[in-house]
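Here the structure comes first, spelled out in structure tokens, and everything after it is commentary.
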Amino acid sequence: MINLAIIQITKRDGVIEDWNKDKLLNSITHAGVSPREVESVANLTEAWVEKNSQSGPIKSTDIRAKVIDILRAVDPKAAGAFETYKKPV
């Protein structure tokens, strides 16, 4: 098992950050996903991140794509909301 605290994420601007599940939970929540689904989607995504982080940092865009894939299977409407959600600057 990989320590999630040392998993690194490459952001779109090239900055590398440590994995932070709270950021994922916030973005899924702010996109309007039902509270019932938020934790489930985040847990599935986190498991994917853990599995795919063994070769180095994971791109944030890849994580976003995975969240959309998971949401499409669970709630297609929520997937559309997440896909169009833009983080406030």
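Predicted model, so just to flag it, every value in this text is computed and none were measured.
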Set of side chain to side chain contact (heavy atoms under 4.5 Å, CB included) partners for Thr45, sequence neighbours left out: Leu24, Val41, Val49, Ile63, Val67, Ile70
With sequence neighbours left out, write down each residue that passes side chain to side chain contact (heavy atoms under 4.5 Å, CB included) with Asp69, or none if nothing qualifies. Arg72
Residue pair Trp19 / Glu46, side-chain donor-acceptor N/O under 3.5 Å: yes
Given side chains that start at C-beta, do those of Leu71 and Val33 come closer than 4.5 Å, heavy atoms only? yes
Strictly by side chain to side chain donor-acceptor pair (under 3.5 Å), give each pair with a member in residues 27-41 just once, sequence neighbours left out. Lys21-Glu39
Salt-bridge test for Lys23 and Glu17: reply yes if a basic N is under 4.0 Å from a carboxylate O, no otherwise. yes
Is it true that a side-chain atom of Asp62 and a backbone atom of Ile58 form a donor plus acceptor pair closer than 3.5 Å? no
Quick check: does any side chain N or O of Arg64 sit under 3.5 Å from a backbone N or O of Glu83, one acting as donor and the other as acceptor? yes
Work out which heavy atom in Ala31 is nearest to a heavy atom in Ala81; give both atom names and the distance. O-CB, 3.2 Å
Of the non-hydrogen atoms in Asn52 and Ser55, which two are nearest, and what is the gap between them? O-OG, 4.2 Å
Euclidean distance, Arg12 CZ relative to Thr61 OG1, rounded to 0.5 Å: 8.0 Å
Mind checking the CG-CG spacing from Leu25 to Asn20? Nearest 0.5 Å is all I need. 9.0 Å
